[in-house]
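A short write-up of the structure that comes next.
Numbering of residues begins at 1 and proceeds along the displayed sequence. Atoms considered below: every heavy atom in the structure, side chains included; atoms not considered: hydrogens, waters and symmetry mates.
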Amino acid sequence: MKDYKDVKDFDELIELEHGKIGSESRNRYEEGAQMFIVSEMLKAARKEANLTQEELAARAGTKKSYISKIENGKGNIQLATLIRIFEQGLNKRIGLTFL
């Protein structure tokens, strides 16, 4: 069992649970966290536009199953397809930030 008594903030908790930045475990955690954020953003934008997954897929030129996989944080997202889903399917601009 891990000792949490000396944990002072969220960053220390993440490091205790998933390792230091750059470690394999931490990279997997960060990738999953980013996928979760993208999936929630897509779900919220689709619902705000009052579209079903099927309607969004038709607008974006993809399949409902692909939209579902993204919204459920499964599978691998191709950047070009993600941009097309947001820009053509939802009429929203997408921006990327590299840290």
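- Atoms OG1 and NZ, on Thr52 and Lys64 in that order, are 8.0 Å from each other to the nearest 0.5 Å.
- Expressed to the nearest 0.5 Å, how far CD1 of Ile70 lies from CE of Met35 amounts to 6.0 Å.
- The shortest side-chain heavy-atom distance between Gln88 and Arg59 does not fall under the 4.5 Å cut-off.
- The shortest distance between side-chain heavy atoms of Met41 and Lys92 does not fall below 4.5 Å.
- Remark: the backbone N or O of Gly19 is not paired with any side-chain donor or acceptor of Ser25 at under 3.5 angstrom.
- Counting non-hydrogen atoms of neighbouring residues, nucleotides and ligands closer than 6.0 angstrom, the NZ atom of Lys43 exceeds 12 such neighbours.
- Atoms CZ and OG1, on Arg84 and Thr81 in that order, are 4.5 Å from each other to the nearest 0.5 Å.
- Remark: Tyr29 OH to Gln34 CD distance equals 9.5 Å, nearest 0.5 Å.
- The shortest side-chain heavy-atom distance between Asn91 and Phe86 does not fall under the 4.5 Å cut-off.
- Other residues, nucleotides and ligands contribute only 12 or fewer heavy atoms inside 6.0 Å of the CD atom of Glu54.
- Distance check, rounded to the nearest 0.5 Å: CD1 of Ile67 to OG1 of Thr62 gives 5.5 Å.
- Looking only at distances, no side-chain donor or acceptor of Arg26 sits under 3.5 Å from a matching main-chain atom of Lys20.
- In the hydrophobic cluster analysis, where Ile, Leu, Val, Met, Phe, Trp and Tyr join through side-chain heavy atoms closer than 4.5 angstrom, Ile14 is grouped apart from Ile21.
- Closest of all the heavy-atom pairs between Gly73 and Ser39 is N-CB, 4.0 Å.
- Scanning both residues, Gly22 and Asn27, for their nearest heavy atoms gives O-ND2, 3.5 Å.
- The shortest non-hydrogen separation linking Leu42 to Glu71 is CD2-CG, 3.9 Å.
- Panel note: side chain Asn72, backbone Lys74; no donor-acceptor pair is recorded below 3.5 Å.
- Between the CG atom in Leu51 and the NZ atom in Lys47 there is a gap of 12.5 Å [rounded to 0.5 Å].
- Checking side-chain atoms of Glu87 against main-chain N and O of Ile83 turns up no donor-acceptor pair under 3.5 Å.
- Under the 3.5 Å distance criterion, the side-chain polar atoms of Ser68 are left unmatched by any main-chain donor or acceptor of Ser65.
- Leu79 and Phe36 fall into different hydrophobic clusters, defined by Ile, Leu, Val, Met, Phe, Trp and Tyr side-chain heavy atoms under 4.5 Å apart, directly or through other members.
- Across all non-hydrogen atoms, the minimal contact from Asn76 to Tyr66 is O-OH, 3.7 Å.
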